[in-house]
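Numbering starts at 1 and runs along the sequence shown. For ligands, and for the atoms within them, numbers begin at 1 and follow the listed sequence.
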Amino acid sequence: MRIFSGIRPSGKIHIGNYLGAIKQWIELQNKNEAIFAVVDYHAITTPFTKKELENDTLDAIFDYLAAGVDPNKSALILQSQIPEHLELSWIFSSITPLSWFGRVPTYKEKVESNPEYVSLGLLSYPALMAADILLYGTTHIPVGEDQIPHIELTNDIARRFNNIFGKTFKRIKPLLAQGARIMSLQNPLKKMSKTGDSGIALSDEPDIIRDKIKKAVTDSGTEIKYGYDKPAISNLLTIYSEFSGKKIAEIEKEYAGKGYGEFKKDLAEIIVNGLKDFREKRKKFADNKDYILQILKSGKEKAQKQAQQTLKNVKEKIGIII
Ligand code: TYM
């Protein structure tokens with residue numbers, strides 16, 4: 001498999017990003033060629049300040065490394081440092097019917113949450129994501145469930161390109177984990193996101209984690225049981241299972257007859273412990289910007305050649321003189 005995945009540096013990376021995406025990356029990098037990107041050009045399609053973008057970008061890379069992304073096994077890249085992403089994205093936005101972009105659910109969500117910040121960049125976001133993926137001959141994308149429409153659109157764009165200009169791109173497949181859909185601790189019907197107080201950041205201190213789990217909403221009743229009628233507890237059970245390695249049925253059995261209070265207290269400790277290693281590693285990297293720049297440089301060296309080749313091939317196929 002050839003793996004590509006990325007995260008937008010638009011807030012702190014949370015346990016949803018970790019359980020949905022990064023946890024898979026760590027496994028996949030051992031046996032596959034893998035590229036992990038911080039997609040900063042995607043981050044500017046929603047409101048941001050200079051300081052936030054700079055900090056979130058560096059923080060994201062620190063988080064990748066502390067979570068176990070190994071720059072000796074994979075290539076860690078910053079999207080904006082490899083301009084081929086934008087070039088291919090422009091070609092994709094030009095050959096894709098406008099109506100395909102307006103249908104994407106994340107676009108509609110963002111229009112709703114920031115109606116005063118709806119830009120051309122936000123609309124053509126999936127063309128850039130398709131470019132990220134298709135530049136590298138990627139076959140599999142480890143992501144959370146919310147990215148499925150983007151993956152489908154990537155395949156649609158690839159098929160359209162192939163139909164017009166001849167077979168160029170392969171079909172890609174998402175890789176989904178058990179934690180592919182971690183919900184907000186405040187509203188279990190909405191996904192955990194980087195904005196607001198809905199999630200636990202990987203870099204949250206233990207007491208903050210304890211407090212957030214204590215304040216997490218629960219369902220009516222007292223039973224620790226997974227099911228559609230218990231979205232809040234089901235979400236907490238998924239998180240418990242992911243961090244402890246225990247099956248959900250096993251956890252339900254363990255807490256039979258016990259209340260939410262005890263379950264939440266244990267869950268908080270399991271998360272705090274599960275992130276202990278991360279916290280320690282994160283402190284070691286903290287603020288070592290030079291180290292980060294070095295890693296990005298070597299990531300770029302590993303990845304860019306392939307991107308240039310793909311782009312050259314695409315340009316030739318469409319009649320751009322090189
Ligand atoms: P982003 O930054 O929103 O999220 C990064 C990754 O985390 C997953 N994720 C979740 N998984 C489980 N539960 C959640 N609550 C949760 N929230 C987020 C996402 O599915 C994603 O895998 N468009 C992408 C970034 C991107 C990209 C790419 C990804 C740009 N180019 C190429 C893969 C390949 C995004 O906004 O992810």
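- Geometric assessment of Lys110 against the ring of Tyr125 yields a positive cation-pi assignment under the 6.0 Å and 45° thresholds.
- Residues meeting the side-chain hydrogen bond (donor to acceptor under 3.5 Å, both in side chains) test with Ser241, sequence neighbours left out: Gln178.
- The protein residues lying under 4.0 angstrom from ligand 1, judged by non-hydrogen atoms, are Phe4, Ser5, Gly6, Ile7, Arg8, His14, Gly16, Asn17, Gly20, Ala21, Val39, His42, Tyr125, Met129, Asp132, Ile133, Ile141, Val143, Gly144, Asp146, Gln147, His150, Gly179, Ala180, Arg181, Ile182, Lys191, Met192, Lys194.
- Classified by interplanar angle (parallel below 30°, tilted 30° to 60°, perpendicular above 60°), the ring pair Tyr64/Trp25 is perpendicular.
- Checked against Glu84 for a side chain to side chain donor-acceptor pair (under 3.5 Å), the options Gln309, Gln304, Gln306 give a single hit: Gln304.
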* Please assess Tyr255 against Asp266 for the test side chain to side chain donor-acceptor pair (under 3.5 Å), listing each intermediate value before the final yes or no. => CA-CA 10 Å; Tyr255 287 92; Asp266 292 349; 2.5 Å; yes

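- Looking only at distances, a side-chain donor or acceptor of Glu252 sits under 3.5 Å from a matching main-chain atom of Tyr226.
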